[in-house]
Amino acid sequence: MEKWKTGLLIFCVGLLAFLEGNAFSGRERSRQVQSSTEAGGTDADREALKVAITFDDGPHSVCTPLLLDGLKERGVPASFFLLGQCIEGREGIVKRMQEEGHLIGNHTYSHKDLTALRREEAEREVLRTSNAIYEVTGVYTAFVRPPYGRWPEELEFHVTMVPVLWTLDSRDWEIKDASAVAEEVLSQAESGSVILLHDCYKSSVEAAFQIIDGLTERGYEFVTVDELIFP
């Protein structure tokens, strides 16, 4: 058991180092590609521009289907981090996410700050949602996005999942204006960005389409977040 814990700790430390290095290399790669593109760069340079667009707090009965429609029309994959309490009665939406090639992740059951809970309660918040996702999709998700970006280190020894944060917060939950949210993201996006939005506001859905269209025009490719973490 001690060897298992040591191995897991090494894995987690290595993963964090990889994510930090990947974020840095993404920024550097974006600058290099931008300079190359300005100089008439190659197709390979343009292919290096990759970002992940992610959505928290769904599925929403109205906004999420509208978002899925637009993503399908544009041929763009996204990553959805679901609240377990929102899945019941919306199983068809979750199944559609899976069928259309989107990544489905865990955002806990009721959006509680995991660092403020006892370990057993925090574990239940995560596992209850993983089980709900499994019941719909037949797959246990490997990815969890902790609310507020707070992940208790001790939970890593009890929940074998990869915590996924973000590099670019759209602040859509605060701004709630589609054009302003899109401008916030488009002004900061770079290769390797993990963009945070929420699929529970109509303004966020509209902003997402503006962001996707704007970055597509700049030559960016959208991928699911696991493709950035494990390229």
Main-chain N/O of [Y] paired to [X] side chain as donor or acceptor, under 3.5 Å:
{"X": "Gln188", "Y": "Glu184", "result": "yes"}
{"X": "Thr224", "Y": "Ala78", "result": "no"}
{"X": "Thr115", "Y": "Pro152", "result": "no"}
{"X": "Arg128", "Y": "Ser110", "result": "no"}
{"X": "Arg145", "Y": "His107", "result": "no"}
{"X": "Glu156", "Y": "Glu154", "result": "no"}
{"X": "His198", "Y": "Asp56", "result": "no"}

**Request:** Go through the steps for Ile195 and Leu215 under the test side chain to side chain contact (heavy atoms under 4.5 Å, CB included), then give the verdict.
**Result:** CA-CA 12 Å; Ile195 302 166; Leu215 291 179; 4.1 Å; yes

**Request:** Quick one: which residue pairs count as a side chain to side chain donor-acceptor pair (under 3.5 Å) with a foot in residues 65-79, not counting sequence neighbours?
**Result:**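 Applying side chain to side chain donor-acceptor pair (under 3.5 Å) to every pair that reaches into residues 65-79, excluding sequence neighbours, yields Asp69-Arg96, Arg74-Asp213.
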
Considering all heavy atoms, the nearest [X]-[Y] contact:
{"X": "Val185", "Y": "Ser170", "answer": "CG2-CB, 3.6 Å"}
{"X": "Ile87", "Y": "Ala132", "answer": "CD1-CB, 3.9 Å"}
{"X": "Ser191", "Y": "Leu49", "answer": "OG-CA, 3.6 Å"}
{"X": "Val205", "Y": "Cys63", "answer": "CG2-O, 3.7 Å"}
{"X": "Gly58", "Y": "Cys86", "answer": "O-CB, 3.8 Å"}
{"X": "Ala207", "Y": "Ala178", "answer": "CB-O, 3.4 Å"}

Taking atom [atom1] of [X] as the centre, report whether more than 12 heavy atoms of other residues, nucleotides or ligands fall under 6.0 Å from it.
{"X": "Glu153", "atom1": "CD", "answer": "no"}
{"X": "Trp166", "atom1": "CH2", "answer": "yes"}
{"X": "Glu120", "atom1": "CD", "answer": "yes"}

Between [atom1] on residue [X] and [atom2] on residue [Y], distance to nearest 0.5 Å:
{"X": "Arg150", "Y": "Asp113", "atom1": "CZ", "atom2": "CG", "result": "4.5 Å"}
{"X": "Ile212", "Y": "Tyr220", "atom1": "CD1", "atom2": "OH", "result": "14.5 Å"}
{"X": "Glu99", "Y": "Thr137", "atom1": "CD", "atom2": "OG1", "result": "11.0 Å"}
{"X": "Leu127", "Y": "His158", "atom1": "CG", "atom2": "NE2", "result": "11.0 Å"}
{"X": "Thr216", "Y": "Ile211", "atom1": "OG1", "atom2": "CD1", "result": "11.0 Å"}
{"X": "Lys95", "Y": "Ile104", "atom1": "NZ", "atom2": "CD1", "result": "8.5 Å"}

**Prompt:** For Glu206, what residues pass the salt bridge (charged side-chain N to carboxylate O under 4.0 Å, His left out) criterion, not counting sequence neighbours?
**Reply:** none

**Message:** Using the salt bridge (charged side-chain N to carboxylate O under 4.0 Å, His left out) criterion, which residues pair with Glu183? Sequence neighbours excluded.
**Reply:** none

**Prompt:** Is any side-chain N of the basic residue among Arg119 and Glu123 closer than 4.0 Å to the acidic one's carboxylate O?
**Reply:** yes

**Prompt:** Between Glu227 and Lys50, is the closest basic N to carboxylate O distance under 4.0 Å?
**Reply:**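 Result for this pair is no, no salt bridge flagged.
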
Does one hydrophobic cluster hold both [X] and [Y], with members joined at side-chain heavy-atom distances below 4.5 Å?
{"X": "Ile93", "Y": "Ile133", "answer": "yes"}
{"X": "Val76", "Y": "Met97", "answer": "yes"}
{"X": "Val136", "Y": "Tyr109", "answer": "no"}
{"X": "Phe81", "Y": "Val162", "answer": "yes"}
{"X": "Leu196", "Y": "Val223", "answer": "yes"}

**Request:** Applying ring-ring contact (aromatic ring centres under 6.0 Å, His included), name anything that partners Phe80, two or more places apart in sequence or on another chain.
**Result:**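 For Phe80, the residues satisfying ring-ring contact (aromatic ring centres under 6.0 Å, His included) (neighbours in sequence not counted) are Phe55, His102.
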
**Request:** Before giving the answer on side chain to side chain contact (heavy atoms under 4.5 Å, CB included), spell out for Lys112 and Leu117 the whole-Å C-alpha distance, their side-chain angles and the decisive distance to 0.1 Å.
**Result:** CA-CA 8 Å; Lys112 293 181 179 178; Leu117 304 177; 4.0 Å; yes

Would a 4.5 Å heavy-atom cut-off, applied to side chains only, mark [X] and [Y] as touching?
{"X": "Leu68", "Y": "Asp199", "result": "no"}
{"X": "Ile53", "Y": "Ser193", "result": "no"}
{"X": "Met161", "Y": "Val126", "result": "yes"}

**CA sep, side-chain torsions, deciding dist, call: Leu186, Arg218, side chain to side chain contact (heavy atoms under 4.5 Å, CB included)** = CA-CA 10 Å; Leu186 291 172; Arg218 297 182 190 177; 3.6 Å; yes

**Item:** Worked verdict on Leu197 versus Thr54 for side chain to side chain contact (heavy atoms under 4.5 Å, CB included)
**Value:** CA-CA 6 Å; Leu197 289 156; Thr54 71; over 6 Å; no

**Asked** Which hydrophobic side chains are connected to Tyr148, either touching it within the sub-4.5 Å cutoff or through other members that do?
**Response** none

**Request:** Considering only Ile, Leu, Val, Met, Phe, Trp and Tyr, and joining two whenever side-chain heavy atoms are under 4.5 Å apart, list the other residues clustered with Tyr140.
**Result:**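 Cluster partners of Tyr140: Tyr134.
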
**Message:** Let's go through Asn106 and Thr141 carefully: what are the C-alpha distance in whole Å and the side-chain angles of both, what is the deciding distance for side chain to side chain donor-acceptor pair (under 3.5 Å) to 0.1 Å, and is it a yes or a no?
**Reply:** CA-CA 7 Å; Asn106 184 324; Thr141 179; over 6 Å; no

**Prompt:** What residue among Ile229, Leu103, Val144 forms side chain to side chain contact (heavy atoms under 4.5 Å, CB included) with Val164?
**Reply:**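 Running side chain to side chain contact (heavy atoms under 4.5 Å, CB included) over Ile229, Leu103, Val144 with Val164 returns exactly one hit, Ile229.
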
